[in-house]
Protein chains: 2
Amino acid sequence: MTRAESIDRPYHHGDLRRALIEAALALVTEEQDWSFSLREVARRAGVSHNAPYNHFSEKRDLLGAVAAAGFEALRDRMRAAIAGVGNPRTALLAGAAAYVNAGVENPALYRLMFGPALATPAPVVRSGTASADSGRPAEARAAGAGAKAVLDEIILRGAERGVFAISATSKSELAIAALSIWSAVHGLTLLLIDSLTGSELAIDTLVNRLIRTLLEGLEPR
Amino acid sequence: MTRAESIDRPYHHGDLRRALIEAALALVTEEQDWSFSLREVARRAGVSHNAPYNHFSEKRDLLGAVAAAGFEALRDRMRAAIAGVGNPRTALLAGAAAYVNAGVENPALYRLMFGPALATPAPVVRSGTASADSGRPAEARAAGAGAKAVLDEIILRGAERGVFAISATSKSELAIAALSIWSAVHGLTLLLIDSLTGSELAIDTLVNRLIRTLLEGLEPR
DNA sequence: TATTGATATTGACAGTGTCAACTTAGCGCA
DNA sequence: TGCGCTAAGTTGACACTGTCAATATCAATA
């Protein structure tokens with residue numbers, strides 16, 4: 001008997017990869033931090049401290065998979081929030097509220113999705129233009145794109161129906177509009193997470209005002 | 001002779017606290033990551049691996065001091081960018097551009113300023129409203145507030161002169177406007193850092209369009 | 001039935017954050 | 001002047017980490 005304790009657990013787990021992701025996700029959620037050890041994740045999954053290396057080449061990889069799961073959940077939540085909503089303006093407000101609430105409810109997970117744990121360790125030299133592709137795992141990138149697509153669709157629909165002052169055929173106009181909204185929503189989420197708003201308003205109210213400001217503008221008409 | 005090597009370095013460093021912050025800042029900047037060890041910071045400063053504990057009770061504390069330094073630099077940079085600019089609209093564009101550029105030039109530092117390394121390890125239960133104060137070090141919080149104040153001033157000036165459609169006497173209107181702008185700028189900075197914009201435009205152009213969208217609104221007039 | 005390949009295990013290693021105990025040296029006070 | 005206090009440095013130890021290498025298990029397949 002070489003195994004430490006001989007509970008009649010099979011030698012091979014069967015679905016360890018998924019189990020590890022779930023354990024790590026639970027840890028992130030509970031501790032609101034991802035500085036837990038890979039060994040603890042393994043312990044939770046009931047395997048030896050080195051078993052994870054059969055499924056993830058690094059701790060970073062596991063965290064990347066967790067981030068991807070987070071993006072998928074976010075995407076689903078936004079889709080659910082806008083399902084059946086016809087008016088693009090209303091859909092935008094609902095989608096944005098869903099987004100921000102998801103982030104605020106699990107700040108550590110939200111941070112992990114965009115987090116520095118996934119950044120390339122190598123120093124990235126940057127020119128004055130913003131080029132695509134960074135060092136984050138492909139899995140997380142793809143899942144993130146899926147979430148962003150929900151937003152893009154709303155904008156496109158709004159442009160098509162003339163609800164937004166954007167040409168539905170101009171890719172760049174659409175992109176700028178989406179970027180503006182995504183920036184605002186992403187930023188607000190993080191400021192809320194950091195408790196940096198100084199506002200006592202409920203989150204939904206805040207999101208409402210933010211998006212309305214974006215739609216209507218700050219300058220006098 | 002108990003000391004490892006007897007170069008004639010004095011037993012007491014003299015200004016170790018500052019030296020440690022500088023070393024850590026340099027490491028963050030070089031490696032674009034703050035997973036370096038506290039011991040390496042000590043090595044850089046030329047002291048033993050435990051010397052830092054006389055000035056910082058945890059590694060987190062040191063990183064907090066670095067974050068505070070980052071906020072001060074950001075504040076100075078914004079102030080320089082808007083110095084002598086009379087028109088609030090122009091000032092807003094200039095200040096925002098300075099902000100985003102600062103973030104993009106040293107992404108790891110920017111992340112650290114708002115980063116999860118400073119978050120409370122304890123699980124934070126959150127109600128539906130956004131309350132102030134989080135677990136980040138007072139030093140970093142104060143420095144962050146100093147940077148935000150620059151933005152607030154611009155908004156206030158704009159409101160006073162009627163450049164923005166905001167009542168200069170309504171605290172809540174001012175706060176919402178500032179929050180909207182800060183969210184957008186913060187969000188854009190992070191999306192750029194993550195190379196998530198998919199845009200090939202120069203940063204200054206991007207900032208310009210973002211702020212103009214915010215000022216003019218997305219809806220048809 | 002023997003082989004193989006994927007999946008798991010144990011053991012080892014250097015390096016980490018932090019605690020405890022000790023040393024140094026500058027400053028205020030007898 | 002000298003003495004001791006205290007802040008600021010030191011070494012040493014500890015449990016624990018991520019990751020590597022070697023080994024064990026077992027299902028599938030030839």
Side-chain angles (χ1 to χ4, degrees), chain A residues 1-24 27-28 31 33-66 112 115-121 137, chain B residues 1-24 27-28 31 33-66 112 115-121 137:
Chain A
M1 178 171 70
T2 60
R3 299 251 297 296
E5 316 207 359
S6 84
I7 336 219
D8 62 348
R9 175 170 43 84
Y11 190 94
H12 291 98
H13 180 287
D15 198 8
L16 184 55
R17 196 190 141 90
R18 180 185 322 275
L20 288 170
I21 295 177
E22 272 169 23
L27 278 168
V28 169
E31 306 190 358
D33 190 8
W34 56 86
S35 62
F36 52 77
S37 65
L38 191 49
R39 289 159 113 107
E40 179 159 357
V41 180
R43 248 172 263 137
R44 285 230 176 181
V47 292
S48 79
H49 70 269
N50 256 349
Y53 284 89
N54 286 301
H55 302 275
F56 304 97
S57 66
E58 281 185 80
K59 185 188 176 188
R60 204 191 291 274
D61 275 14
L62 171 56
L63 293 177
V66 173
L112 178 58
L118 310 174
T120 344
Chain B
M1 176 172 68
T2 60
R3 299 252 296 298
E5 314 209 1
S6 84
I7 333 213
D8 62 349
R9 175 170 45 84
Y11 190 93
H12 289 96
H13 181 286
D15 199 8
L16 184 54
R17 198 190 139 90
R18 181 186 321 275
L20 288 170
I21 295 176
E22 273 170 22
L27 278 168
V28 170
E31 305 191 359
D33 190 8
W34 55 88
S35 63
F36 51 78
S37 66
L38 191 48
R39 289 159 113 107
E40 179 159 357
V41 180
R43 247 172 263 136
R44 285 228 177 183
V47 292
S48 79
H49 70 269
N50 256 349
Y53 284 91
N54 286 302
H55 301 274
F56 304 96
S57 67
E58 283 183 80
K59 185 188 176 187
R60 206 192 289 276
D61 274 14
L62 171 57
L63 292 177
V66 173
L112 179 58
L118 309 175
T120 345

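Just so we're on the same page: letters track the sequence lines, and every chain starts at 1.
In this structure, the CH2 atom of B:W34 is 19 Å from the P atom of C:dT16, given to the nearest Å. With rounding to whole Å, A:L62 atom CG is found 11 Å from D:dT19 atom P. Across the protein-nucleic acid pair, B:E58 atom CD and C:dT18 atom C1' stand 10 Å apart, rounded to whole Å. In this structure, B:D61 atom CG and C:dT18 atom C1' are separated by 13 Å, rounded to whole Å. One atom, CZ of A:F56, and another, P of C:dA6, lie 17 Å apart when rounded to the nearest Å. Regarding B:L20, its CG atom lies at a distance of 12 Å from the C1' atom of D:dA8, rounded to whole Å.
Residues A:N54 and A:L16 have side chains not in contact (no heavy-atom distance under 4.5 Å, counting atoms from C-beta outward).
Residues satisfying the side chain to side chain contact (heavy atoms under 4.5 Å, CB included) test with B:R18, not counting sequence neighbours, are B:D15, B:E22. Looking at residues two or more places apart in sequence or on another chain, you find no salt bridge (charged side-chain N to carboxylate O under 4.0 Å, His left out) involving B:R43.
For the pair B:R44 and B:A23, the tightest heavy-atom approach, listed with the atom from each and the gap, is CB-CB, 4.0 Å. Between B:A24 and B:F36 the shortest heavy-atom distance is O-CZ, 3.9 Å.
Contact annotation: A:H55 side-chain N/O to C:dA6 OP1/OP2 distance is not under 4.0 Å.
Evaluation of atom-type donor-acceptor distances gives a pair under 3.5 Å for the side chain of A:N54 against the base of C:dA8.
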ask   = Could you walk me through whether A:Y53 and A:L38 pass the side-chain contact (heavy atoms from CB on, under 4.5 Å) check?
value = CA-CA 10 Å; A:Y53 284 89; A:L38 191 49; 3.6 Å; yes
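Residue B:G46 is out of contact with every strand shown, counting any heavy-atom pair closer than 4.0 Å.
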Strictly under 3.5 Å: I want the nitrogen or oxygen pairs between protein and nucleotides 14-18 of chain D, one per line.
{"residue": "D:dT17", "atom": "OP1", "partner": "A:S37", "partner atom": "OG", "Å": "2.9"}
{"residue": "D:dT17", "atom": "OP2", "partner": "A:R43", "partner atom": "NH2", "Å": "3.2"}
{"residue": "D:dG18", "atom": "OP1", "partner": "A:L38", "partner atom": "N", "Å": "2.8"}
{"residue": "D:dG18", "atom": "OP2", "partner": "A:L38", "partner atom": "N", "Å": "3.0"}
{"residue": "D:dG18", "atom": "OP2", "partner": "A:R39", "partner atom": "N", "Å": "3.3"}
{"residue": "D:dG18", "atom": "N7", "partner": "A:R39", "partner atom": "NH1", "Å": "2.4"}
{"residue": "D:dG18", "atom": "O6", "partner": "A:R39", "partner atom": "NH1", "Å": "3.1"}

